[in-house]
Every structure is written in C-alpha cells, then in structure tokens.
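Presented below is the structure to which this report refers.
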Amino acid sequence: MTLRFTTAGESHGKALVAIVEGLPAGLPVTAEWVDQELARRMQGYGRGARMKIERDRIEWLSGVRAGETLGSPVAMLIPNRDWANWEDVMAYESSDPPGEIRRRRVTRPRPGHADLAGVLKYDRIDGRDILERASARETTARVAAGALAKRLLAEFGVEIGSHIISLGGIRAVPERRDPAALPVPLNESSDRSEVRVLDRGIEAEIISRIDAAKKAGDTLGGEAEVIARGVVVGLGSHVSWDRKLDGRLAGMLMSIPAVKGVEIGMGFEASRRPGSEVHDPIVSGEAGKPVSGEADIRGGFRRTSNNAGGMEGGITTGEPVVVKVAMKPIATLMSPLPTVDLTSGQSAKAVSERSDVTAVPAMGVIAEAVVALVLADGMLEKFGGDSLSEMRRNYEGYVAALGSRWASDVRER
C-alpha cells in the first residue's frame with residue numbers, strides 16, 4: 001500500500017494507537033476533524049454502557065506541526081477512559097506470585113467470537129488474551145486513521161457518506177432504488193436518525209425491534225451502504241489481482257469485526273438478472289451530446305446507470321463508488337448460547353461481557369473510514385507527490401488531459 005496504517009491496543013487497555021504513513025506534507029488537519037468522526041462512531045440506538053464511559057478524543061504524537069502534516073508517519077493516541085476500572089486485570093507486568101490467575105478470566109468461549117479459535121491458535125489459557133484485541137473497540141483507531149484519509153480526499157472533491165439499509169431484518173430502503181437520488185452530503189441526513197436511516201418513517205419500527213432484542217437478551221445485525229462521490233476515473237488497475245480496487249475494498253471491508261458480506265454496486269442481484277439489465281450504458285458528454293474538450297473526472301463520458309458501483313475491471317469509472325456491507329449480530333448475548341468451559345471440559349453457558357444490542361449504525365461509520373483509506377491509497381498510488389501541492393498538480397494535469405485524445409479525434413472527424 002502507498003498509504004499504510006496500523007493500529008495497536010486492547011479493548012480495556014490503557015489506550016489505542018493509530019499510525020498512518022504516506023500522507024503528503026501540507027495537508028491541513030485538526031484534532032477536531034478526527035474527533036468528530038470518533039463521536040459519530042459512538043452514536044446509534046442500541047449501543048451499550050461502554051459508550052457512556054468513553055469520550056474518544058485523539059492526541060497527536062507525531063507527524064503534525066502547526067496544523068499540517070509533515071510527510072512523516074502520523075501517530076495518534078486515543079486513551080481508554082475505562083482503563084481505570086481494568087488496570088489490575090490488564091496490568092502489563094507479571095503478577096506476584098508469577099502465574100497468578102487474574103480476575104475476569106474468560107474460559108467459556110462465545111460462539112461467533114474469536115475466543116475459542118484464538119486460545120487454540122495462540123496457546124493461551126485465558127480467552128481475554130484474545131477477545132481484548134478481537135473486540136470491535138479496535139475500530140476506533142481505524143476511524144481515526146480513516147478521518148485523515150477523508151481529509152485528503154476532501155481536497156480533491158470526494159465526499160463519503162453512509163446510511164443503514166436494513167437492521168434486525170427490517171429494510172429501511174426499497175430493494176431497487178437509485179443511490180444517485182440520495183441526499184448530498186449524505187451524512188447530514190443519515191446522522192439525524194438514531195439508527196442512521198434516511199426514511200424516518202421506519203425509524204420507530206427499527207427501534208422497537210432493538211428494544212425487543214434487548215429484552216430477550218439477544219443481538220441484531222444489519223446492512224450499511226457507503227457512497228463515495230467525486231472519485232476520478234482511473235484509480236486501481238486491471239493488470240494484477242492485488243491492484244484491483246474493488247478487491248482491495250472488499251478485503252478491507254471484510255476485515256471489520258462481524259462483517260460477513262460485501263457487495264459492490266448491484267452486487268449479488270447482478271447474478272439474478274440478464275446482462276441487459278446489469279451493465280451500465282455509456283454515453284458521451286451530457287446525455288449523448290458529442291464529446292466536448294472540457295475535462296471532467298469521467299473523461300467526457302458517463303453512464304446512464306451505476307449498477308457497477310463505480311468500478312469496472314478493478315478501476316474506478318468516475319461514477320460514485322457504491323458498496324454495501326452486511327454485519328452479523330454481535331456475538332455477546334445477555335442470554336448466552338451453549339459452549340464448553342475450557343477449565344472443566346463440561347457444557348456451560350458462554351461468558352456475557354458488557355456489550356451492545358446492535359452496532360450496525362456505528363458499522364456504517366467504520367465502513368466509511370476503511371473505504372476512505374482504500375480510495376486515498378488509490379489516489380496516492382495514481383498521483384503521488386511528497387506534498388499536497390505536488391499531488392494536486394499531478395491530479396489537475398491528469399484530469400485536464402482525460403479523454404482529450406477521443407475529443408480531438410471527434411473534432412477532426
């Protein structure tokens with residue numbers, strides 16, 4: 001990756017850390033910009049008590065000076081306020097006497113979580129050694145990293161938003177609709193809803209479903225749609241499997257905890273229809289008018305539909321990038337499922353840790369962040385530059401020349 005990031009930290013550890021490498025020098029950034037994205041991740045009806053404790057804020061550790069990136073790795077610290085309640089459980093040094101079993105040990109792995117596979121793989125006796133890192137709390141650091149990617153993309157006119165299209169089996173949008181008709185900017189509308197739906201008429205039904213699941217000790221999953229508008233044609237490539245942007249997006253989105261499915265554009269529905277109803281007709285300029293010499297992010301062409309979700313052959317088309325992400329219900333149930341106690345080998349009920357009924361609204365915000373990271377990586381790969389000004393010159397020169405060969409041929413004929 002040209003834009004690289006990594007995260008560190010445990011759910012109940014002292015802090016989370018996000019490191020982002022590859023941002024050009026001169027990108028204006030503020031902690032407030034990042035903190036706003038972190039606050040959005042914490043919202044949503046159905047969240048647990050943890051969200052009442054944490055007030056996620058970043059502290060710059062490196063890579064920023066006087067409100068601009070330096071071109072060196074940017075490091076951000078996000079303290080965990082809940083650390084005070086877990087310091088003895090999560091203490092870094094060995095216990096006295098050595099090998100003392102700490103409280104809150106986890107020996108009853110939860111079906112659907114990494115608990116059992118993790119303790120077997122890493123040869124641990126306490127599932128907490130696994131669940132602390134496998135927890136979705138890690139995505140806080142990803143959202144911080146994604147906020148910087150969003151900031152870079154905004155310099156080039158890219159707007160990324162999301163909304164929830166289903167939650168708990170209730171669809172919030174029709175099966176067939178045109179994403180191009182959605183509000184701009186998208187988040188100004190979706191963030192007004194407690195469950196981040198655009199149809200406020202369905203909001204009460206979804207909230208009622210969440211309340212019923214909470215009463216039953218159950219959890220709910222759902223789907224989010226992420227839309228990136230203003231993405232220039234030509235990011236990614238068809239030439240090698242690892243350069244295909246749709247593959248990179250799918251892989252990054254699938255890495256979000258509890259995500260079990262990703263669709264791009266029409267997605268699985270495309271497999272159920274004939275090609276005539278799937279592929280997006282190409283027209284030149286405005287609705288079939290001759291190609292003009294004026295450059296745009298589509299190179300003088302456009303599609304009359306966007307079933308492909310803004311990508312063909314692993315390359316962006318200049319149409320909005322549209323992805324859908326499916327999240328399974330959270331694995332921690334207040335009415336636990338059967339499991340095996342690792343200390344006795346006997347049947348038991350799975351451990352119940354403090355958790356959410358649903359985190360689908362937050363998952364949309366997380367998905368925005370990872371989409372931004374992939375698109376920003378594609379932009380840096382394509383346009384390079386050690387500084388933002390150099391990257392902008394490269395971008396503007398490319399856009400100005402887009403489609404010029406075809407435009408000149410049309411004029412000559």
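Nothing fancy with the numbering, it's 1 onward along the sequence.
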**Q.** For E277 against N307, the heavy-atom pair lying closest together
**A.** O-ND2, 3.4 Å
(Q) If we ignore hydrogens and angles and just use 3.5 Å, is the side chain of D377 paired with the main-chain N or O of T2 as donor and acceptor? (A) yes
Q | salt bridge (Lys or Arg N to Asp or Glu O under 4.0 Å) between R248 and E381, intermediate numbers included | A | CA-CA 13 Å; R248 288 148 68 177; E381 178 183 69; 3.4 Å; yes
Q) Applying the side chain to side chain contact (heavy atoms under 4.5 Å, CB included) test to L27, which of V64, L70, L388 qualifies? A) L388
(Q) Just so I know, are the side chains of R171 and V173 near enough to count as touching, which here means a heavy-atom distance under 4.5 Å? (A) yes
**Q.** Side-chain heavy-atom pair V20, M76 within 4.5 angstrom cut-off
**A.** yes
Q: Could you go through the salt bridge (Lys or Arg N to Asp or Glu O under 4.0 Å) check for E390 and R393 one step at a time?
A: CA-CA 5 Å; E390 181 183 3; R393 288 193 299 271; 5.2 Å; no
Q: Indicate yes or no for a side-chain donor-acceptor contact from T358 to the backbone of L220 under 3.5 Å, with no hydrogens or angles considered.
A: yes
**Q.** Over all atoms of both residues, closest heavy-atom pair of I207 and E194
**A.** CD1-OE1, 3.7 Å
Q.
Checking R137 against N80: is there a side-chain donor and acceptor pair closer than 3.5 Å?
A. yes
Q) Is the NZ atom of K328 crowded by more than 12 outside heavy atoms at less than 6.0 Å? A) yes
Q: Look only at the side chain of K324 and the backbone of V226, and say whether a donor-acceptor pair between them is shorter than 3.5 Å.
A: no
Q | Sub-4.5 Å side-chain heavy-atom contact between F5 and V74 | A | no
(Q) Give me the atom names and distance for the closest heavy-atom approach of A369 to V143. (A) CB-CA, 3.8 Å
Q | L375 side, atom CG; M252 side, atom CE - distance, nearest 0.5 Å | A | 10.0 Å
Q. Between M363 and I164, is a side-chain contact (heavy atoms from CB on, under 4.5 Å) present by the stated rule, with each step listed?
A. CA-CA 9 Å; M363 186 269 292; I164 301 309; 5.7 Å; no
(Q) In the structure I gave you, are the side-chain heavy atoms of I130 and R124 within less than 4.5 Å of one another anywhere? (A) yes
Q) Are any side-chain N or O atoms of T339 and backbone N or O atoms of A350, one a donor and one an acceptor, separated by less than 3.5 Å? A) no
Q | Geometric class of the W83/Y92 ring pair [parallel <30°, tilted 30-60°, perpendicular >60°] | A | parallel
**Q.** Nearest-0.5 Å distance that lies between atom CZ in R392 and atom CZ in F156
**A.** 5.5 Å
(Q) Check this for me: K244, atom NZ, are more than 12 non-hydrogen atoms of other residues, nucleotides or ligands nearer than 6.0 Å? (A) yes
Q. Are any of the side-chain heavy atoms of M391 and M379 separated by less than 4.5 Å?
A. yes
Q: Say whether T317 and R303, considering side chains only, have a donor N or O and an acceptor N or O under 3.5 Å apart.
A: no
(Q) Has E132 got a side-chain atom pairing as donor or acceptor with H12's backbone, closer than 3.5 angstrom? (A) yes
(Q) Which heavy atom of D56 sits nearest to which heavy atom of D35, and what is that distance? (A) O-OD1, 4.3 Å
**Q.** Atom pair CZ (R196) and CG (D191), whose distance is rounded to the nearest 0.5 Å
**A.** 4.5 Å
Q: Under the side-chain contact (heavy atoms from CB on, under 4.5 Å) rule, what do R302 and D296 come out as? Steps first, then yes or no, please.
A: CA-CA 10 Å; R302 70 178 186 86; D296 59 33; over 6 Å; no
**Q.** More than 12 heavy atoms from other groups under 6.0 Å of CG on D211
**A.** yes
**Q.** Approximate separation, where rounding is to 0.5 Å, of T139 OG1 and I366 CD1
**A.** 3.5 Å
Q. Any donor-acceptor pair under 3.5 Å linking the side chain of E188 with the backbone of V184?
A. no
Q. Do T69 and L152 come within less than 4.5 Å of each other through their side chains, counting heavy atoms only?
A. no
Q.
How about CZ on R104, more than 12 heavy atoms from neighbouring residues, nucleotides or ligands closer than 6.0 Å, or not?
A. yes
Q: Give the C-alpha distance, both sets of side-chain angles, the deciding distance and a yes or no for side-chain contact (heavy atoms from CB on, under 4.5 Å) between V365 and Q43.
A: CA-CA 10 Å; V365 177; Q43 303 305 309; over 6 Å; no
**Q.** Nearest heavy atoms of L77 and A15, plus distance in Å
**A.** CD1-CB, 3.5 Å
**Q.** Sub-4.5 Å side-chain heavy-atom contact between V233 and I297
**A.** no
Q. Does some side-chain heavy atom of L342 sit less than 4.5 Å from a side-chain heavy atom of L116?
A. yes
Q. Okay, side chain of D218, backbone of L333: is any donor-acceptor separation there less than 3.5 Å?
A. no
Q) Can you tell me how far NE2 of H163 sits from CG of L182, rounded to the nearest 0.5 angstrom? A) 4.5 Å
Q: Applying salt bridge (Lys or Arg N to Asp or Glu O under 4.0 Å), run through E155 and R151 and close with a yes or a no.
A: CA-CA 7 Å; E155 290 286 327; R151 184 67 195 85; 2.9 Å; yes
Q. Does any donor atom in the side chain of R110 or T332 lie under 3.5 Å from an acceptor atom in the other side chain?
A. yes
Q.
Side chains of R133 and T7 only: does a donor on one sit below 3.5 Å from an acceptor on the other?
A. yes
Q) Between CG of L16 and CD1 of I78, what distance do you get to the nearest 0.5 Å? A) 5.5 Å
Q: Check whether any side-chain N or O of S193 sits under 3.5 Å from a backbone N or O of S190 as a donor-acceptor pair, and report yes or no.
A: no
Q.
Using every non-hydrogen atom in the two residues, find where P109 and T107 come nearest and quote the distance to one decimal.
A. CD-O, 3.3 Å
Q | Chi angles and distances behind the side-chain contact (heavy atoms from CB on, under 4.5 Å) call for R105, R128 | A | CA-CA 6 Å; R105 183 183 175 197; R128 186 162 301 285; over 6 Å; no
